[in-house]
Amino acid sequence: AAEAMGKPLYFEPIEVDIATLKQYEGVYKLSEEESRVILVKEGTLISKRGNDRIYNLIPIGEDEFQFEDSFTRLKFERNGAGAITKATSITAGGKEEVEMKTDEKPVLEERKSIKLSDEILNQYVGTYELMKGFNVKITNENNQLMAHPTGQGKEALNASSETKFY
C-alpha cells in the first residue's frame, strides 16, 4: 500500500565510504534518560538506542539510513559548516523523533544475558498487536524466545531479568 502511494517501505541502498560514515558517529539524546549511540563497526554504521538491540544502518540517500530489517529510517541534519547536529527517526507511519547530537564519546556497552526456565519463558509466548495490522509473534524454540514481527524475519530475544528482554 505504501509503495502504491509513492512511499516505499524499503529503499535501494547506496554506497557510502568509511570516512563519511565516521561523520555520523556520536551520541544522540532523545531525552535526559534516553540516547542513541551511532558507531562504525566492521565497515557498517550501527545504532543502539537505550536498551534496544544493535541495528545495522543501511545508507539510502544523502544523510539518510534505514534500519536493517525495519521500516524505520534515520535522517541526519548538518549545520552550515557541514557538521552533523541531529538525527530524526521516522517510522513507516510517519512518526518522527528528533535526537540532538552531543559531545559525548560513543561507547557500546556489552549486555549480560541470563538463562530462564521454559516455565518463565512460556509466559510470554503469544501474538501481540503493536498497531492495527502489525503483530509480533513470540515463540519459545529450544529455551530461546523468538520474536517474529509481521513481514520481518525472526529475532532471538535475550533476557536481562525475568521481565526484561532485548
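Residue numbers run from 1 in the order of the sequence given.
Heavy-atom minimum distance, Met146 versus Ala156: SD-CA, 3.6 Å. For the residue pair Val37 and Pro106, the shortest heavy atom distance occurs at CG1-CB, 3.8 Å. The nearest pair of heavy atoms linking Ser70 to Thr72 is OG-N, 3.1 Å. Taking each heavy atom of Ile114 and Ser161 in turn, the nearest pair found is CD1-CA, 3.7 Å. Annotation for Ala87 and Leu74: closest pair CB-CD1, 3.9 Å, computed over non-hydrogen atoms. Listed here is the closest heavy atom pair of Asn143 and Ser117: ND2-C, 3.8 Å.
Salt bridge status for Lys75 with Glu77: absent, with no side-chain N to carboxylate O gap under 4.0 Å. By the 4.0 Å N-to-carboxylate-O rule, Arg36 lies too far from Glu97 to be salt-bridged with it. In summary, Glu99 and Lys86 do not engage in a salt bridge, as defined by a charged side-chain N under 4.0 Å from a carboxylate O.
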Kindly indicate, with the supporting measurements, whether the criterion side-chain contact (heavy atoms from CB on, under 4.5 Å) is fulfilled by Tyr55 and Glu68. CA-CA 6 Å; Tyr55 285 91; Glu68 187 174 57; 5.5 Å; no
Chi angles and distances behind the side-chain contact (heavy atoms from CB on, under 4.5 Å) call for Leu121, Phe165: CA-CA 11 Å; Leu121 294 178; Phe165 298 84; 4.0 Å; yes
Full working for side-chain contact (heavy atoms from CB on, under 4.5 Å) between Phe67 and Ser47: CA-CA 8 Å; Phe67 290 84; Ser47 168; 3.6 Å; yes
Steps toward side-chain contact (heavy atoms from CB on, under 4.5 Å) verdict (Glu141, Lys154): CA-CA 11 Å; Glu141 299 177 12; Lys154 279 186 190 177; 2.7 Å; yes
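Following chains of ILVMFWY side-chain contacts shorter than 4.5 Å, one cannot reach Ile58 starting from Ile54, and the two form parts of different hydrophobic clusters. Linking Ile, Leu, Val, Met, Phe, Trp and Tyr residues whenever their side-chain heavy atoms come within less than 4.5 Å places Ile18 and Ile14 in a single cluster. A continuous path of hydrophobic side-chain contacts links Ile84 to Leu45 [ILVMFWY only; heavy atoms under 4.5 Å]. At a threshold of 4.5 Å between side-chain heavy atoms, the hydrophobic network of Ile, Leu, Val, Met, Phe, Trp and Tyr places Tyr28 and Leu21 in one connected group.
Interatomic distance, Lys105 NZ to Leu39 CG, rounded to the nearest 0.5 Å: 8.0 Å. Atom CZ in Phe76 sits 8.0 Å away from atom CG in Asp63 (nearest 0.5 Å). Between atom CE of residue Met100 and atom OG1 of residue Thr88 there is a gap of 9.0 Å, rounded to the nearest 0.5 Å. Expressed to the nearest 0.5 Å, how far CD1 of Ile38 lies from NZ of Lys22 amounts to 13.0 Å. Atom NZ of residue Lys137 and atom CD of residue Glu129 lie 15.5 Å apart, to the nearest 0.5 angstrom.
Using modelled atom types and a 3.5 Å distance limit, the side chains of Glu42 and Thr44 yield no donor-acceptor pair.
Looking at heavy atoms from C-beta onward, Asp69 lies in side-chain contact with Glu155 at the 4.5 angstrom threshold. For the pair Asn140 and Asp118, the minimum side-chain heavy-atom distance is below 4.5 Å. Side-chain contact between Leu30 and Arg49 is present, with heavy atoms from C-beta onward closer than 4.5 Å. Taking 4.5 Å as the limit, every side-chain heavy atom of His148 sits out of range of all side-chain heavy atoms of Thr139.
Within the 3.5 Å criterion, the main-chain N or O of Tyr24 finds no donor-acceptor partner in the side chain of Lys101. A donor-acceptor pair under 3.5 Å is formed between the side chain of Gln144 and the backbone N or O of Leu157. Put simply, the side chain of Tyr128 gets close to the backbone of Tyr124: a donor and an acceptor are under 3.5 Å apart. The closest donor-acceptor contact from the side chain of Glu162 to the backbone of Ile120 lies at 3.5 Å or more, if one exists at all. No donor-acceptor pair under 3.5 Å is formed between the side chain of Asp52 and the backbone N or O of Lys48. With hydrogens and angles disregarded, a donor-acceptor distance shorter than 3.5 Å links the side chain of Thr150 to the backbone of Asn135.
Other residues, nucleotides and ligands contribute at most 12 non-hydrogen atoms within 6.0 Å of the CD atom of Glu62.
The ring of Phe71 has its center no closer than 6.0 angstrom to the ring center of Phe134.
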